[in-house]
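In what follows, a single structure is set out as structure tokens and then discussed.
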Amino acid sequence: SSMSTRAVYTFKTLSDWDQSEVHVYKHHDGYPKGGLTFIKDAVQYYYDNYETMKNLVDRDALLTSFLLSVNKGEKYGNCDITEHHNRHGDLEYRYEITPLEGFSDASCFTNTGIKIYSCASWEGEEKLIFDGDLHQAVSKFKTLDVA
């Protein structure tokens, strides 16, 4: 069953000269086990559809893969591109997703950087609860069992 755990997924570029970000607000299953499932599915979708995605910059390829993979079934709930995570006062978690060097080289999850923040917005504070790669994050928090 879906829980209304709201989260924002921020896609970043690993670059000194491009610090732009793209944000996606998702209404459901934003706790780490859910959020990491969506991110892992997005990375897998990218590799499975590499020929379609390869001419996009890594960040945009991952963002596009996230939007397409996350909307493939209604169990995942809906999501929207949004201006910024600070526009949402109801967040419980937020994720920063950065394609690392060699992101497009191989089908493994060590080349996607992940930061997870717990946002107790009603307390006005945000806490970094994970900083590493996708493989390490999944090892720590696991993913949802998706049928």
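Hydrogens, waters and symmetry mates play no part in the numbers below; they use all other heavy atoms, side chains included.
Here the CG-CD distance, from L63 to E21, works out to 12.5 Å after rounding to the nearest 0.5 Å. One finds the NZ atom of K127 at 11.5 Å from the SG atom of C119 (value rounded to the nearest 0.5 Å). Between T10 atom OG1 and H23 atom NE2 the span is 4.5 Å, to the nearest 0.5 Å. The structure places NZ of K12 at 15.5 Å from CG of D58, a figure rounded to the nearest 0.5 Å.
Cation-pi geometry between K40 and F109 is met: the NZ or CZ atom falls under 6.0 Å from the ring centre, inside 45° of the normal.
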Given side chain to side chain donor-acceptor pair (under 3.5 Å), test H88 with T82 step by step and report yes or no. CA-CA 9 Å; H88 302 274; T82 184; 2.7 Å; yes
Start with the C-alpha distance between R59 and S20, add both sets of side-chain angles, then the distance that settles side chain to side chain donor-acceptor pair (under 3.5 Å), and finish with yes or no. CA-CA 10 Å; R59 182 203 65 195; S20 63; 2.7 Å; yes
Show every donor-acceptor pair shorter than 3.5 Å between a side-chain atom in residues 134-142 and any protein atom, with sequence neighbours excluded, or say none if there are none.
unit_1, atom_1, unit_2, atom_2, d
Q136, OE1, D133, N, 2.8
S139, OG, H135, O, 2.9
K142, NZ, S139, O, 2.8

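At least one side-chain heavy atom of V43 sits less than 4.5 Å from a side-chain heavy atom of L62. A 4.5 Å side-chain heavy-atom check between V70 and D41 finds every atom pair outside the cut-off.
Clustering ILVMFWY residues whenever any of their side-chain heavy atoms sit less than 4.5 angstrom apart, transitively, puts I39 in a cluster other than the one holding L128. M53 and V57 are assigned to two separate hydrophobic clusters, defined by single-linkage of ILVMFWY side chains at heavy-atom distances under 4.5 Å. Both L36 and L144 belong to a common hydrophobic cluster when Ile, Leu, Val, Met, Phe, Trp and Tyr are linked at side-chain heavy-atom distances under 4.5 angstrom. Residues L14 and I114 fall into different hydrophobic clusters, defined by Ile, Leu, Val, Met, Phe, Trp and Tyr side chains chained together at heavy-atom separations under 4.5 Å. Hydrophobic clustering of Ile, Leu, Val, Met, Phe, Trp and Tyr side chains at less than 4.5 Å, counting indirect connections, keeps I116 apart from L100.
Looking at every heavy atom in both residues, I129 comes nearest to S118 through CG2-CB, 3.9 Å. Heavy-atom minimum distance, K26 versus F38: CE-CE1, 3.8 Å. Closest heavy-atom contact between Y9 and G35: OH-CA, 3.4 Å. Considering every non-hydrogen atom in both G102 and N111, the closest pair reads O-ND2, 3.2 Å. Closest non-hydrogen pair, A42 versus S65, comes out as O-CB, 3.3 Å. Minimum interatomic distance between Y31 and T5 (heavy atoms only, all atoms of both residues): N-CG2, 3.5 Å.
Taking the side chain to side chain donor-acceptor pair (under 3.5 Å) definition, one finds that E51 meets it with K54, sequence neighbours left out.
Under the 6.0 Å cut-off for aromatic ring centres, F103 and Y46 qualify, their centroids lying closer than that. The six-membered or imidazole ring of Y25 lies near that of H27, with a centre-to-centre distance under 6.0 Å.
Of the listed residues (D80, D90, D29), just one forms a salt bridge (charged side-chain N to carboxylate O under 4.0 Å, His left out) with R6, and that residue is D90.
One N or O on the side chain of Y95 and one on the backbone of G30 form a donor-acceptor pair closer than 3.5 Å.
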